[in-house]
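Predicted model only: the values in this text are computed from it and were never measured.
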Amino acid sequence: MNPLETTQQWRDVVALKPPASLGELFATSPERVQSMTLRVGGLLIDYSKQLLDPKIIEALLNVALERDVASAFRDMADGQAINSTENRAVGHMALRSPKGQRSLMNGIDVAPEVHATLDRMATLATAVRSGDYVGATGSRIRTIVNIGIGGSDLGPSMMYEALRSLRSAEISCRFVANVDPADLAANLQGLEPAETLFIVTSKTFTTQETLSNATAAREWLVAALGQTAVDKHFVAVSSNAQAVREFGIDPRNMLAIWDWVGGRFSLPSAVGLAVMIAIGPEAFQEFLIGMHSMDAHARDSVGADNAPLMLALINIWNSTVLQSRSRVVMPYSFDLRRFPAYLQQLVMESNGKTVRKDGSLVPYATSPVVWGEPGTNAQHAFMQLLHQGTDVVPVDFIGFARSDSSDKNRQGLLFANMLAQSQALAFGQPQDTQQERHRNFSGNRPSTTIVAAELTPRVLGELIALYEHVVFFEGAMWGINSFDQWGVELGKEFATQISQNIADVDDATRHNMDASTHTLLQWFSEQQTNTSQSPLH
Ligand code: F6P
């Protein structure tokens, strides 16, 4: 395939100018909103406030056709090894395929093992929820502590918060990710060891932070209940049975994930176990149904009807053509407040790349920085820059008509605030006189609004799968591999080296270190041995 920048279709896109005034476009095209709104499952996606016109959309779709992103998607769905640098298939869609449907991964049907694992999860979740599963002393489990990081944390912790209203009152979940001892300490506070079940979630079971936290958690448990209690209080989610055994968890207490599931795509696997325990297997199944329906939509919808493809093209228009180097995601939903953090990994670990699949360097911008906070809090923090700053930062607004609260007034206020922000960004309010310039709102600042009636498990599944497929189509357009993450490796290697030197303060061991790192490490060693400084202790 020819490099993107050499194709006529891409040159046609780059030659186009964004519309000068969204206000004018809205005034002159009464059909605009209708034609730029997609309804997929429970989601309504309005991208009419993007800096697009029909010509730009057509040109972008021509690039997608030329890149043949639809066949690239089918290659993923068929289980081909599209993760070229790791020679792996990319199989997260198999995790939510309904029973009875085959899911080929490198030619092998993985559906039976996927469903066997989901069934085991459901059995465990049901037993914990009912109180039939008891700990070493015979007490029922009241708290689940998931220990994992990255994709083994961000998905389940986000989903646990998102589906707050469905959680069992009997069991709560906590999530420990950071190797900072404060994270585990804060999360163990107040817990009764006899009523605590740890889920050590790590696909590789080699992640330093997770193993170190899991070791400390095991010590905490063993100190209270003895070594034999580990069996009843530790479960692993991993693809590495040997490392699980070496850690001291019986592989019979392990739920499998597979190397064809990327960490940031792993939420619908056993990585979601803590959430399944909290909300129950039926609600979790609804979540999988939502994801699967978005998978089918992404595979079967053509051109402008394909929501993830359209959102990917919009992102590429904004970031690669109009040079916006960041994108904000603002859920107008307290329960979705961890969604921006979840998306940061999904998007940036996938598409923060400079090298294409063929080894060439990309001569254009790939993923922008993704960030965000829930509204309305964000309005009183960073929205000033979005309205009047020198950078144009596209926004994804996400909102809901109903919540579990009976307070319709405040839900209305929340929704109104979201609409107000997108309206002010798009249409602004000109103040031309020099004295009033500080009140000028230029408008023409793009946003997409995604809404649903309520944040149900199914809607959450649709929303997550939507963004997953946006990531896929972006990567396919840019020609990069969205499914590896080599960029995190060097930091891990250096962390191992430096942490070895922390234990050994001998200067000689540090001769290979740069001067800055060496000085900071020396300072750290001195501070660690100096216990007399704080007046608070
Ligand atoms: O940070 C790199 C990474 O490999 C992520 O992709 C992954 O989600 C995370 O570490 C955790 O990995 P594991 O589940 O193997 O502990």
Side-chain angles (χ1 to χ4, degrees), residues 116-117 119-150 152-153 156-157 160 168 170-257 263 266 269-278:
T117 302
D119 289 346
R120 284 187 68 210
M121 284 166 70
T123 305
L124 179 61
T126 305
V128 173
R129 286 165 67 81
S130 66
D132 287 349
Y133 184 102
V134 291
T137 64
S139 300
R140 68 171 294 170
I141 299 298
R142 302 212 174 267
T143 309
I144 308 293
V145 180
N146 184 80
I147 301 179
I149 198 163
S152 298
D153 164 69
S157 59
Y160 179 73
S168 157
E170 304 288 329
I171 303 154
S172 66
C173 295
R174 300 184 181 191
F175 296 86
V176 175
N178 201 323
V179 74
D180 182 339
D183 194 352
L184 184 68
N187 278 298
L188 290 184
Q189 205 163 16
L191 295 192
E192 190 53 60
E195 297 175 352
T196 303
L197 177 66
F198 291 96
I199 304 176
V200 185
T201 306
S202 175
K203 180 175 136 182
T204 55
F205 230 77
T206 57
T207 304
Q208 195 188 45
E209 294 95 323
T210 300
L211 292 188
S212 145
N213 277 328
T215 304
R218 191 182 52 198
E219 280 163 11
W220 175 83
L221 183 96
V222 168
L225 303 178
Q227 186 62 40
T228 52
V230 171
D231 206 35
K232 280 286 183 187
H233 293 266
F234 272 80
V235 170
V237 174
S238 186
S239 63
N240 187 349
Q242 191 184 333
V244 166
R245 186 183 297 109
E246 277 162 18
F247 176 82
I249 298 176
D250 187 332
R252 282 174 304 179
N253 292 339
M254 180 186 113
L255 289 141
I257 49 174
S266 64
S269 71
V271 168
L273 177 62
V275 185
M276 190 195 265
I277 294 172

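Here CE of Met276 is found 9.5 Å from CG of Leu255. Values are rounded to the nearest 0.5 Å. Annotation: the span from Leu124 atom CG to Arg129 atom CZ amounts to 12.0 Å, rounded to 0.5 Å. Between the OG1 atom in Thr206 and the CG atom in Asn240 there is a gap of 7.0 Å [rounded to 0.5 Å]. Interatomic distance, NZ of Lys203 versus OG of Ser269, reported as 9.5 Å (0.5 Å rounding). Here the straight-line distance linking atom CZ of Phe175 with atom OG of Ser152 works out to 11.5 Å at 0.5 Å rounding.
Closest of all the heavy-atom pairs between Leu225 and Ala229 is CB-CB, 3.5 Å. Listed here is the closest heavy atom pair of Ser238 and Ser202: OG-O, 2.8 Å. The two atoms that bring Ala217 and Phe234 nearest to each other are C-CZ, 3.9 Å, heavy atoms only. Closest approach of Thr117 and Ala270 over heavy atoms only: CG2-CB, 4.2 Å.
Side chain of Arg174 to backbone of Asn187: a donor-acceptor contact under 3.5 angstrom is found. Side-chain atoms of His233 come within 3.5 Å of backbone atoms of Ala136 as a donor-acceptor pair (strictly under, hydrogens ignored). Formation of a donor-acceptor pair under 3.5 Å by the Ser130 side chain with backbone atoms of Thr126 is found in this model. Remark: the backbone N or O of Ile141 is not paired with any side-chain donor or acceptor of Tyr133 at under 3.5 angstrom. Judged purely by atom type and a 3.5 angstrom limit, Arg120 uses its side chain to pair as donor or acceptor with the backbone of Met254.
Taking the side chain to side chain contact (heavy atoms under 4.5 Å, CB included) definition, one finds that Asp231 meets it with Asp250, Asn253, sequence neighbours left out. For Glu195, there are no salt bridge (Lys or Arg N to Asp or Glu O under 4.0 Å) partners two or more places apart in sequence or in a different chain.
Considering only heavy atoms from C-beta on, Asn146 stays 4.5 Å or farther from Tyr160 through its side chain. At least one side-chain heavy atom of Pro156 sits less than 4.5 Å from a side-chain heavy atom of Val271. Under the 4.5 Å side-chain criterion, counting only non-hydrogen atoms from C-beta, Val200 is in contact with Thr210. The shortest side-chain heavy-atom distance between Val235 and Ile249 does not fall under the 4.5 Å cut-off. Within the 4.5 Å cutoff, the side chain of Ile277 has heavy atoms near those of the Ile171 side chain. Within the 4.5 Å cutoff, side-chain heavy atoms of Arg218 are placed close to those of Thr215. For the pair Leu197/Val145, no side-chain contact is recorded, criterion being any heavy-atom separation below 4.5 Å from C-beta on. Looking only at side-chain heavy atoms (C-beta outward), Asp183 and Asn213 stay at 4.5 Å or farther from each other.
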Practice item. In sequence, state the C-alpha distance, the side-chain angles, and the governing distance for Val176 and Leu188, and then conclude on side chain to side chain contact (heavy atoms under 4.5 Å, CB included). Key: CA-CA 9 Å; Val176 175; Leu188 290 184; over 6 Å; no
**Study point:** Chi angles and distances behind the side chain to side chain contact (heavy atoms under 4.5 Å, CB included) call for Ile199, Ile144
**Key:** CA-CA 7 Å; Ile199 304 176; Ile144 308 293; 3.5 Å; yes
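A salt bridge links Glu170 and Arg142; the closest N-O separation between the charged side-chain nitrogens and carboxylate oxygens is under 4.0 Å.
Exactly one residue among Val179, Ile147, Asn178 makes a side chain to side chain contact (heavy atoms under 4.5 Å, CB included) with Glu209. That residue is Val179.
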